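First up is the structure itself, then whatever we jot down about it.
Every value quoted in this text rests on a predicted model; they were computed, and no experiment measured them. Here is the naming used below: chain letters follow the sequence lines, and residue numbers restart at 1 for every chain.
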Amino acid sequence: MNRVLITSALPYINGVKHLGNLVGSMLPADIFARYSRARGRETLFICATDEHGTPAELAALEAGQDVATYCAEQHEIQKALGERYGLSWDYFGRSSSIQNREITQHFARQLWKNGHLEVRTTRQVYSNAEKRFLPDRYVIGTCPHCGYERARGDQCENCTRVLDPTDLINPRSAVSNSPDIEIRDSAHLFLKQSLFVEQLRTWIDSHDKEWPALALSIARKWLDEGLKDRGITRDLEWGVPVPDDIADGQLKGKVFYVWFDAPIEYIAATKEWADANGKGNIWKSWWHDANDVTYWEFMGKDNVPFHTVGFPVTIMGSGEPWKLVDRIKGFNWMNYDGGKFSTSGKRGVFMDTALELLPADAWRYYLIANAPESADSNFTWDHFAGVLNKDLADVLGNFVNRVTKFCIARFDGKVPGEGVYGEDENTLIAEMDRRVAQYAEFMEQAEFRKALGELRAIWVTGNEYMTRAAPWTHIKTDRDKAAVGVRMGLNLIHVFSHLCWPVMPSMARVMHLAIQPIADNAEVLPWPDYPMAKALDELEAGQPITAPDVLFAKIADEQIAEWKARFG
RNA sequence: GGCACCGUAGCUCAGCGGUAGAGCAGGGGAAUCAUAAUCCCUUGGUCGGCGGUUCAAAUCCGUCCGGUGCUACCA
């Protein structure tokens, strides 16, 4: 069996992420990882905080902390939050780790040795007020085209024209508003990406059938427009230092660009995982000469170029057999009520406040069932509440409730053993076989909206069966027949819990524990990958069951109104 | 400006060359075990506009309109 390596795009260190960030990388990666483990595959799910770059330095400044302390604190916050959402990382690392420093420097040395790097002098904006270089975006001024007064040095938000900081009228620092800025020459390392165009194109074409159109079109667009060499160093203090043995120390005091070291952190975090768990060199077997590994990357569409072009060039240029991505799953944006989620604008719902409203599983279900796979999707409170009330409360929750309550009322709260499965049951079993196979196939392809549609259809199948079996009617005249319906209902709950587990791990456990203890209190609820005739006849007669508390309480109209008012 | 993606029932979306589909919402009925939850039936669309290719187009091509994103120093 092939091993499965899964990485989620790294959340930036700068504050709590919003639900759009969650649904675009971390959540789908987690669901895929859980599915993979449920199928019994050896799985490694890696994520980390992306900690370098100007925004981190400025956020630390604003918080009155040194950047290392700031990042350490924010990392812990994001880690704890992720765990509350059930994100089952094997390791949640930090791009500022010593492991990433070493491996990033290793890649840079390889690229230098192989002649893929060169030193070029560039003109950079320097702010005397802050005594630091400023990225183009952090220089603001009046747009020469449209007169907008807060145009950024890379692009004018008002007229969308691409700019250079030197184009701006009355340029000033976006950080301090100081106009005391100047242009200085600065030497930087450039990665000669242009040398890799053909190699990249061949590689991308080889994944023509596997990658979604979104990823292919973005990747090819970069190649078609002519791949430019890319500066991979910055005039910052917080980052992976450029080693002195590259370019005779010309880059002394500079650090690698955050987008150079961030994807390498996927590898480095694997080493962090091994180091933390006494696994020695095992980390390397996942990345180096790892021909038995299928590697999946999950990311938002803004990240696609870095994963289809930038990082692959780093790996190809190293001349070493590091693992390239096999399957890319890219997501569009989830919008909030017709506009963007915005971290800086504090618009939308954030991971921490969302949990004040509803449990993680409810968010996991809604978000992934409405993931922006083929196009941007839109979060509205009415849609959110409508989907959860119908799917989780009415279809699934009520199913669990009606079956367990009836069993307790009429069969002493024990799995009834009387009677044998007949035509109704065989019809159900056949449909379950078909639907579970379909659900599995969608999960294999990481087609989450379709998978969740099928999961929901599976729950509906259960309700249809109960209507046909009608044990509440048969109990009056034929106790054995009623027993068959209840026994099948309880078996369905058991199977549902296993099928739900990748998506809603906590709710799945509640469902399972109502029907049957979990053997050895295992973390993973494995996939029922054998015929439903067996899976739906597993519970032992006499096994005591309980009716769980309401799985998901319906959201009242007044509650929706309150949330709308609170979040705008 | 360039490029990409999207525009299908009131809403959220699937279908992507062969007689228009799902879920929700709306209408009617059944059932009464259950969180008044379920189940069955059903009303909704000249598939953004125009033109073309084809025996056949929601599906391919062109063009226009509308929306979104990217455009390499935010990450």
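Across all strands shown, A:Arg410 has no heavy atoms under 4.0 Å from either base or sugar-phosphate atoms. Across all strands shown, A:Pro471 has no heavy atoms under 4.0 Å from either base or sugar-phosphate atoms. A:Ile218 comes within contact range of no nucleotide atom at all, as no heavy-atom separation falls under 4.0 Å.
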Quiz item: Between A:Arg94 and A:Glu51, does a salt bridge (Lys or Arg N to Asp or Glu O under 4.0 Å) hold up when you go through it step by step?
Solution: CA-CA 7 Å; A:Arg94 303 182 58 187; A:Glu51 305 192 0; 2.8 Å; yes

Quiz item: Can you list the steps and then say if A:Phe311 with A:Phe306 is a ring-ring contact (aromatic ring centres under 6.0 Å, His included)?
Solution: CA-CA 6 Å; A:Phe311 187 38; A:Phe306 299 101; over 10 Å; no

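Side-chain to base pairing of A:Gln124 with B:C73: one donor and one acceptor N or O lie within less than 3.5 Å of each other. Judged by distance alone, with hydrogens and angles left aside, A:Asn398 brings a side-chain donor or acceptor within reach of the base of B:A34, the pair sitting under 3.5 Å.
Here the P atom of nucleotide B:C33 and the CD1 atom of A:Ile545 are 17 Å apart, to the nearest Å. What separates CD of A:Glu373 from P of B:C6 is a distance of 14 Å, to the nearest Å. As a whole-Å value, the separation of A:Phe306 CZ from B:C70 P is 11 Å. Atom-to-atom, NZ of A:Lys450 to P of B:G23 comes out at 16 Å; the value is rounded to the nearest Å. Summarising the geometry, the separation between CZ on A:Phe552 and C1' on B:U35 is reported as 11 Å, rounded to the nearest angstrom. Rounded to whole angstrom, the span from the CG atom of A:Leu388 across to the P atom of B:C24 amounts to 14 Å. One interatomic measurement links the two molecules: CZ of A:Arg456 to P of B:A14, which rounds to 17 Å at whole-angstrom precision. Between the CD1 atom of A:Ile408 and the C1' atom of B:A34 there is a distance of 12 Å, given to the nearest Å.
The shortest side-chain heavy-atom distance between A:Leu117 and A:Leu191 falls under the 4.5 Å cut-off. Inter-residue side-chain proximity for A:Asp394 and A:Phe552 is flagged as unmet; no heavy-atom pair is nearer than 4.5 Å.
The pairing partner recorded for B:U63 is B:G49, the criterion being a Watson-Crick or G-U wobble arrangement whose two distances lie under 3.5 angstrom. For B:C73, there is no paired base (Watson-Crick or G-U wobble, both distances below 3.5 Å). Base pairing of B:A9 is not made with any nucleotide, judged by Watson-Crick or G-U wobble geometry with both donor-acceptor distances under 3.5 Å. In this entry B:A14 has no Watson-Crick or G-U wobble partner, no candidate having both defining distances under 3.5 Å. Figure legend. B:G44 is base-paired to no nucleotide; pairs are counted as Watson-Crick or G-U wobble with both atom distances under 3.5 Å. When both pairing distances are held under 3.5 Å, B:A37 makes no Watson-Crick or G-U pair with any nucleotide shown. Summarising the base pairing, B:A4 is matched to B:U68 through a Watson-Crick or G-U wobble pair whose two defining distances lie under 3.5 Å.
Ring stacking is absent between A:Phe406 and B:C33, as the pair misses the limits of under 5.5 Å between centres and under 30 degrees between planes.
Side chain to side chain, A:Tyr465 and A:Glu425 meet the donor-acceptor criterion of an N or O pair below 3.5 Å.
The phosphate of B:C40 has neither OP1 nor OP2 within less than 4.0 Å of any side-chain N or O from A:Arg468. Between A:Tyr257 and B:A72, a side-chain N or O to OP1/OP2 separation shorter than 4.0 Å is absent. The phosphate of B:G69 (OP1 or OP2) has a side-chain N or O of A:Lys340 nearer than 4.0 angstrom. At the phosphate of B:U38, OP1 or OP2 sits under 4.0 Å from a side-chain N or O atom of A:Lys390. For B:A72, the OP1/OP2 oxygens have no side-chain nitrogen or oxygen of A:Lys221 closer than 4.0 Å. At least one side-chain nitrogen or oxygen of A:Arg137 sits closer than 4.0 Å to the OP1 or OP2 atom of B:C74.
Each of A:Gly386 and A:Asn335 was matched to the nucleotide of RNA chain B holding its nearest heavy atom; the match closer to the 5' end belongs to A:Gly386. Toward the 5′ end of RNA chain B lies the nearest nucleotide of A:Leu396, the other residue of the pair A:Leu396 and A:Thr461 mapping further downstream.
Residue A:His52 forms a ring pair (Phe, Tyr, Trp, His ring centres under 6.0 Å) with just one option from A:Trp259, A:Trp238, A:Phe256, and that option is A:Trp238.
By the 6.0 Å and 45° rule, A:Lys414 does not stack over the aromatic ring of A:Phe411.
Only the P atoms considered, B:G2 is 44 Å distant from B:G44, to the nearest whole Å.
With B:U12, B:C33, B:C74 as the choices, the nucleotide that has an atom nearest any side-chain atom of A:Asn370 turns out to be B:U12.
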